[in-house]
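All values reported here derive from a predicted model rather than from experimental measurement.
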Amino acid sequence: KRFWQQKYKNLQGPLPFKYGILKNSKEEILNANDNDGAHGTHVAGIASGSGFKSPNLKYAGVAPESDLVFIGIKYQNDTIGGSALGDYIVANNAIIDGFDYIFDYADSMKKPAVCNLSWGMHTGPHDGTSLFDLSLEDLVNSKNRYSGNNNGRILVGANGNSAQHEMHVHLDLKNDTLETLAMDRSRDNYKKEESVYCDFWAEKGSEINMKISLIDSNGNELLSSGYFNFHQDDLIDQVFTSSTDTLKFTASLNKSYPHNGKSNVLLMAYTPTNKRFFKVSFAGNGEIHGWNSGRVREWTSGTFRNYIRNYKPTNWINGDADHTLIENGGTSKAIISVGSYNNRVNWLNFKGNFQSDSAIAEGEISRFSSHGPSIDGRIKPDVSAPGQFIASSYHKNAVPGWLAPYVVHLDSWNGDPVYYVLLSGTSMASPQVAGIVALMLEASNGTLNHEHISEILRETAYRDGFSGSDANNVYGFGKVDAHQAVLQSIQTARKNTLTKNSSIAYVNHDRDIAIKCDGQINLNRSMLYTIYSVEGRIVQRGSLRDGLIPLSNRIRTGIYLLHLSDGQLSMKQSLFIP
């Protein structure tokens with residue numbers, strides 16, 4: 001229905017945002033060309049793709065009849081490219097604008113909406129108090145300008161792919177000195193320069209000093225900033241040089257972040273060679289959590305180490321997998337964050353060749369799937385979903401040769417190739433849940449809000465031998481159960497919206513739905529009906545005749561949702577059809 005390409009340098013975006021280009025007609029959207037990678041194509045296909053040109057629509061998405069609004073995120077500007085810095089400075093704001101636009105469009109169409117965010121960064125406190133996270137709370141709690149309530153405003157996000165990176169570090173200082181090595185995991189690919197982008201947060205009431213040093217592979221300190229007070233409002237921008245080395249760093253310090261009272265240092269460090277290392281030292285008393293995003297001006301991943309080769313001081317702290325959930329898609333109280341488990345261990349590619357990857361079992365958590373909890377102690381992710389080796393649509397111009405083993409179907413349309421490809425990531429897990437949420441909203445006639453949806457997904461998630469019997473910070477509350485989530489949505493909607501309407505119809509011996517005439521329904525008035533499956537699909541619709549709805553023979557035994565409307569009165573009821 002709409003396609004907002006935010007990053008283009010035009011002023012034709014939607015009001016009040018103006019930037020980028022908005023495509024809002026069928027012709028414009030069909031003719032739009034976006035060569036900014038294939039990630040969004042794959043994600044959108046999982047949530048709501050039609051499965052077009054796949055065998056018997058085999059690779060259709062979860063909610064293929066949804067209306068779609070695409071936002072191509074602006075993540076760079078004239079001076080900052082796609083990077084950890086670009087995510088924080090540019091993309092953060094653009095994502096909020098995108099959510100706002102989608103909800104506003106849905107309001108104008110008098111429909112509920114679920115937004116999927118397969119995007120993330122690690123700049124922030126990871127406790128739900130960042131400006132980004134608080135903005136999301138405002139968005140989902142804002143009242144629909146037509147309905148006057150906050151129903152049908154749902155956000156779903158990827159929990160992150162950083163579990164294997166050891167990119168989080170926790171230092172518990174007890175009037176001593178603790179240190180860690182901050183490294184870019186792609187440092188061997190950047191021989192001319194090493195840089196790191198780290199965000200450190202000290203607990204309220206701590207007393208800590210900090211320094212950044214350049215060391216060699218034997219642990220010898222070559223250049224150092226000297227200790228400075230962690231708890232101050234300042235911008236430290238320094239360069240240290242010797243005859244052989246250079247250390248350049250920028251530290252942005254915040255004495256007391258207003259929404260949690262913590263002190264924060266955002267550190268960006270550079271050196272013109274990858275033969276040296278950055279050591280970050282803390283002295284004093286209190287707790288610090290830090291996240292290393294890798295290089296400053298490229299998308300890489302970072303890590304914290306407690307050793308160089310055989311040099312391993314006792315006061316060096318290694319990184320871990322805890323608290324590696326991402327800020328954008330994982331930490332807000334207003335977003336349903338999703339972890340990834342493995343979907344398959346073997347498959348046939350488009351040439352019929354057998355392919356296999358049995359590093360982990362089918363159903364086991366993906367090794368990359370980020371762990372919780374949030375720093376304020378909430379279980380994260382909320383749920384987990386299939387996210388490894390997921391088949392979906394792919395951009396025709398973004399299929400390199402190495403991807404051939406993962407191309408599961410190849411066809412053509414209007415002279416263009418049509419690809420279906422396996423990809424992995426929590427980016428692939430979150431649209432599974434976003435699609436399920438779309439079905440839940442449809443089944444409940446848009447009467448559920450963020451709290452309803454979150455609670456239902458957590459309550460109906462199932463646990464198995466992999467996830468364990470209790471909620472945890474790897475699988476969340478369990479593996480998402482689409483069928484049970486939709487059923488529970490119907491029941492919750494009935495509890496929230498139905499009083500006298502709790503029984504308006506029944507199935508008679510002729511397998512017709514008979515409408516009760518009890519004063520609520522005037523059978524002399526024109527009334528339309530729609531019957532939904534538990535998946536949220538329309539299975540039959542039409543006009544009510546003499547209080548009866550003859551059921552099609554194609555409707556199988558099961559639970560369905562009946563919706564009646566005469567333009568003024570709207571009622572619904574779940575029915576078991578034998």
Side-chain angles (χ1 to χ4, degrees), residues 1-7 29 32 34-52 54 58-75 82 87 91 94-95 98-99 101-102 113-121 154-162 299 326 328-330 335-343 366 368-370 381-399 403 406-409 418-439 480 482:
K1 300 298 182 179
R2 295 289 187 272
F3 180 18
W4 180 14
Q5 296 170 295
Q6 290 184 337
K7 78 168 198 166
I29 293 170
D34 189 350
N35 287 313
D36 191 20
H39 182 263
T41 306
H42 199 268
V43 169
I46 294 169
S48 52
S50 67
F52 181 66
S54 68
K58 178 180 181 179
Y59 299 126
V62 180
E65 295 181 13
S66 302
D67 287 347
L68 303 178
V69 176
F70 290 150
I71 309 290
I73 297 171
K74 181 178 181 180
Y75 55 82
D87 285 349
I95 292 168
F99 286 155
Y101 175 73
I102 290 172
V114 54
C115 302
N116 176 79
L117 181 65
S118 290
W119 191 281
M121 65 171 198
I154 316 298
L155 301 175
V156 177
N159 202 53
N161 304 324
S162 300
W299 276 320
I326 51 180
N328 293 135
I335 200 163
I336 298 162
S337 57
V338 185
S340 164
Y341 65 84
N342 190 22
N343 188 57
S366 302
F368 54 75
S369 187
S370 287
D382 292 285
V383 292
S384 51
Q388 192 163 351
F389 303 126
I390 303 299
S392 184
S393 48
Y394 207 70
H395 197 299
K396 65 179 183 179
N397 295 333
V399 187
L403 200 58
Y406 304 95
V407 178
V408 291
H409 185 69
V418 175
Y419 291 95
Y420 285 91
V421 174
L422 302 181
L423 290 186
S424 301
T426 54
S427 283
M428 284 66 241
S430 63
Q432 306 270 11
V433 174
I436 293 168
V437 170
L439 300 181
V480 67

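Side-chain contact check for Val408 versus Val421: every heavy-atom pair is 4.5 Å or farther apart. No side-chain heavy atom of Val407 sits less than 4.5 Å from a side-chain heavy atom of Tyr394. Taking the side chain as every heavy atom from C-beta outward, Gln432 and Val480 never approach each other to under 4.5 Å. Side-chain atoms of Trp4 and Phe70, non-hydrogen and from C-beta on, never get closer than 4.5 Å to each other. Counting only heavy atoms from C-beta outward, the side chains of Val156 and Ile335 never approach each other to under 4.5 Å. The side-chain heavy atoms of Trp119 and Ile73, taken from C-beta on, include a pair separated by under 4.5 Å. Within the 4.5 Å cutoff, side-chain heavy atoms of Gln6 are placed close to those of Ile71.
Minimum interatomic distance between Pro64 and Gly49 (heavy atoms only, all atoms of both residues): CB-O, 3.3 Å. In terms of heavy atoms, Gly339 sits closest to Ser369 at CA-OG, 3.5 Å. Taking both residues in full, the closest heavy atoms of Val114 and Ala434 are given as CG1-O, 3.5 Å, listed atom of the first, atom of the second, then distance. Between Pro381 and Val338, the shortest heavy-atom contact is CB-C, 3.9 Å. In terms of heavy atoms, Gly435 sits closest to Ala63 at O-CB, 3.6 Å. Between Tyr420 and Gly51, the closest heavy-atom pair is OH-C, 3.1 Å.
Here CG of Leu423 is found 10.0 Å from OH of Tyr406. Values are rounded to the nearest 0.5 Å. In this structure, the separation between CD1 on Ile29 and CG on Leu68 is 9.5 Å, given to the nearest 0.5 Å. With rounding to the nearest 0.5 angstrom, the CD1 atom of Ile326 is 9.5 Å from the CG atom of Asp87. With values rounded to the nearest 0.5 angstrom, Met428 atom CE is found 7.5 Å from Ser392 atom OG. Separating the CG atom in Leu155 from the CD1 atom in Ile102 is a distance of 9.0 Å, to the nearest 0.5 Å.
Within the structure, the side chain to side chain donor-acceptor pair (under 3.5 Å) test picks out the following pairs touching residues 38-51 (sequence neighbours left out): His39-Ser427. Applying the side chain to side chain donor-acceptor pair (under 3.5 Å) test to pairs two or more places apart or on separate chains, those with a residue in residues 58-68 are Asp67-Lys111. Residue pairs satisfying the salt bridge (Lys or Arg N to Asp or Glu O under 4.0 Å) criterion with at least one member in residues 389-399, sequence neighbours excluded, are listed as follows: Lys396-Asp416.
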Run the side-chain donor-acceptor check on residues 382-390: report pairs under 3.5 Å with partners two or more places apart or on a different chain.
unit_1	atom_1	unit_2	atom_2	d
Asp382	OD1	Arg458	NH1	3.3
Asp382	OD2	Ser337	N	2.8
Asp382	OD2	Ser337	OG	3.1
Asp382	OD2	Lys380	NZ	2.9
Ser384	OG	Tyr475	O	3.4
Ser384	OG	Gly478	O	3.3
Gln388	OE1	Ser366	OG	2.8

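Here Asn161 pairs with Thr426 under the side chain to side chain donor-acceptor pair (under 3.5 Å) rule; sequence neighbours left out. Partners of Tyr75 under the side chain to side chain donor-acceptor pair (under 3.5 Å) rule, at least two apart in sequence or in another chain, are Asp36.
A donor-acceptor contact shorter than 3.5 Å links the side chain of Ser370 to the backbone of Ser162.
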